[in-house]
Amino acid sequence: MPDATDTFVSHRNLLFTIAYEMLGSAADAEDVLQETWLKWSGVDLGAVENHRAYLVRIVTRQALTRLRTLGRRKESYVGSWLPEPLLTTPDVAEDVELADSVSMAMMLVLETLTPTERAVFVLREVFDLDYDEIAAAVDKNPAAVRQIAHRARSHVASRRPREAVSQNETRDALAAFQRATETGDLQGLLDLLAPDVVFLGDGGGVKQAVPRPVVGADKVARMLLGGLLKVSGWTMEPASANGHPALIVRFGGELDTVIAVRLDGGRISGLYAVRNPEKLSHMEEETALRR
């Protein structure tokens, strides 16, 4: 029988992915993994029939507790709160379902669920756990879990992007966005943006960012070209964040902002700019996500 450490390490990436999808914060997910390990190290492995299921149960319960605390923190957060971006490995993009589930757009949709709904949706729709396993993880009976799953699925379906968007489409849109912003091409930028595009900036009160969402193509385009990107000394480069193409903005060579987008109908309907330095540490080294 493998020891507790070997078993935990073999499932670590899976456990991190579950915690991250539930919390939207890599730092909090790492804390949850530490708490999970402490509980796991005291378990009699001989009495556990399915080690993976047991670990998933522990990490889910720890993440639910943390999620409720995180909700209270968000109430006092300065400005818009965005999920923490991750520099992801190439294989994440190859797993279409996993990449979709951790995209910035989807993570924001998951933010609109209750903690239990989010846990049930993630475990069922992303990791394909059966209802009995999920019930054990969230302390509900299987019948209640089915109802929660149905409610969460309907909620997400009404808010997620209307159509699947390929990596190439996102990459092309970001390349066009980069060209327009670098050259100050207002019309080119307007052509890319959906009429009701929403721009969210997360500075966390540490870096300057728009204090509230900016809505509308003209407002967003003029804000970008006339304000945020008017300062000299910045550069943009493509990257892979949360399994999708993204842009990294550097000032003086230092990582400053990560920009992710949501596409609808071939146009950019959401622009998400994370500037809070505390949320950028996982953009310096690739993070492995697993299902």
Side-chain angles (χ1 to χ4, degrees), residues 13-32 59-60 63-64 66-71 73-74 77 79-89 92-93 95-127 152-153 155-162 164-165 167 170 174 198-202 204 209 213 239-247 257-264 268-276 278-283 286-291:
N13 292 339
L14 163 71
L15 300 176
F16 176 85
T17 306
I18 292 173
Y20 174 73
E21 291 212 29
M22 287 182 59
L23 300 169
S25 163
D28 284 289
E30 293 285 2
D31 288 344
V32 163
V59 80
T60 299
L64 275 171
R66 182 61 63 102
L67 187 57
R68 294 180 178 109
T69 302
L70 193 59
R73 291 208 321 247
K74 289 174 187 173
Y77 195 79
S80 299
W81 186 96
L82 288 172
E84 188 173 342
L86 305 176
L87 183 66
T88 44
T89 53
V92 175
D95 185 338
V96 177
E97 290 184 0
L98 177 60
D100 176 65
S101 72
V102 296
S103 69
M104 192 67 73
M106 177 56 77
M107 295 292 281
L108 285 171
V109 171
L110 294 181
E111 285 292 313
T112 64
L113 297 172
T114 68
T116 301
E117 286 174 342
R118 186 166 183 170
V120 170
F121 181 87
V122 167
L123 295 178
R124 180 63 183 173
E125 300 300 315
V126 182
F127 297 94
R153 196 180 302 117
H155 182 96
V156 170
S158 67
R159 289 164 175 79
R160 73 192 310 169
R162 292 183 291 272
V165 178
Q167 297 275 330
T170 304
L174 280 167
V198 178
F199 178 95
L200 295 174
D202 181 345
S240 178
N242 294 54
H244 290 270
L247 289 172
T257 308
V258 174
I259 299 175
V261 297
R262 166 176 169 155
L263 294 182
D264 279 296
I268 296 173
S269 60
L271 271 164
Y272 315 115
V274 182
R275 297 198 71 203
N276 185 347
E278 295 178 359
K279 292 187 175 184
L280 299 179
S281 62
H282 281 74
M283 286 300 296
E286 289 183 338
T287 298
L289 301 177
R290 294 289 183 272
R291 287 202 295 164

According to side chain to side chain contact (heavy atoms under 4.5 Å, CB included), who are the partners of [X], at least two apart in sequence or on a separate chain?
{"X": "Asn13", "result": "Ala288, Arg290"}
{"X": "Pro115", "result": "Leu64, Leu67, Arg68"}
{"X": "Leu113", "result": "Leu110, Glu117, Arg118, Phe121, Ala152, His155, Val156"}

Closest approach of [X] to [Y] (non-hydrogen atoms, all atoms of both residues):
{"X": "Ala19", "Y": "Ala29", "answer": "CB-CB, 3.8 Å"}
{"X": "Val109", "Y": "Thr112", "answer": "O-OG1, 2.5 Å"}
{"X": "His244", "Y": "Ala99", "answer": "NE2-O, 3.0 Å"}
{"X": "Thr170", "Y": "Leu263", "answer": "CA-CD1, 3.7 Å"}
{"X": "Ala63", "Y": "Leu23", "answer": "O-CD2, 3.5 Å"}

### Message
Just so I know, are the side chains of Arg160 and Met106 near enough to count as touching, which here means a heavy-atom distance under 4.5 Å?
### Response
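The answer is yes, as the side chains (C-beta and beyond) meet within the 4.5 Å cut-off.
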### Within-4.5 Å side-chain heavy-atom neighbours: Ser103 and Asn242
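No, side chains not in contact.
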### Query
Within a reach of under 6.0 Å around CD of Glu97, are more than 12 heavy atoms found that belong to other residues, nucleotides or ligands?
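Atom CD in Glu97 is not packed in, count stays at 12 or less.
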### Residues Arg291, Thr17; criterion side chain to side chain contact (heavy atoms under 4.5 Å, CB included); working and verdict
CA-CA 7 Å; Arg291 287 202 295 164; Thr17 306; 5.6 Å; no
Going by the rule side-chain hydrogen bond (donor to acceptor under 3.5 Å, both in side chains), which residues pair with [X] if we only count those two or more places apart in sequence or in a different chain?
{"X": "Thr116", "answer": "none"}
{"X": "Arg153", "answer": "Glu125"}
{"X": "Thr88", "answer": "Ser240"}
{"X": "Ser101", "answer": "Glu21"}

### Message
Using only atom types and a distance under 3.5 Å, with no angle test, would you say the side chain of Asn276 pairs donor to acceptor with the backbone of Asp202?
### Response
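Side chain of Asn276 to backbone of Asp202: no pair is present.
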### Task
Mind checking salt bridge (Lys or Arg N to Asp or Glu O under 4.0 Å) for Asp28 and listing every partner two or more places apart, or none if nothing turns up?
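With sequence neighbours excluded, Asp28 shows a salt bridge (Lys or Arg N to Asp or Glu O under 4.0 Å) to Arg66, Arg73, given in chain and number order.
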### Query
For Glu278, which residues count as a salt bridge (Lys or Arg N to Asp or Glu O under 4.0 Å) partner, sequence neighbours excluded?
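Once residues adjacent in sequence are excluded, Glu278 has no partner under the salt bridge (Lys or Arg N to Asp or Glu O under 4.0 Å) criterion.
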Please report the interatomic distance [atom1]([X]) to [atom2]([Y]), rounded to the nearest 0.5 Å.
{"X": "Ile18", "Y": "Thr60", "atom1": "CD1", "atom2": "OG1", "answer": "5.5 Å"}
{"X": "Leu200", "Y": "Leu271", "atom1": "CG", "atom2": "CG", "answer": "9.0 Å"}
{"X": "Glu30", "Y": "Ser25", "atom1": "CD", "atom2": "OG", "answer": "9.5 Å"}
{"X": "Thr287", "Y": "Tyr20", "atom1": "OG1", "atom2": "OH", "answer": "8.5 Å"}
{"X": "Thr257", "Y": "Leu247", "atom1": "OG1", "atom2": "CG", "answer": "11.0 Å"}

### Message
Run Val274 and Met104 through side chain to side chain contact (heavy atoms under 4.5 Å, CB included) and show every step you take.
### Response
CA-CA 11 Å; Val274 182; Met104 192 67 73; 4.2 Å; yes
Tell me which donor-acceptor pairs under 3.5 Å the side chains of residues 79-87 have, and how far apart each pair is, sequence neighbours excluded?
from	atom 1	to	atom 2	distance (Å)
Glu84	OE1	Ala26	N	2.9
Glu84	OE1	Ala27	N	3.3
Glu84	OE2	His282	ND1	3.4

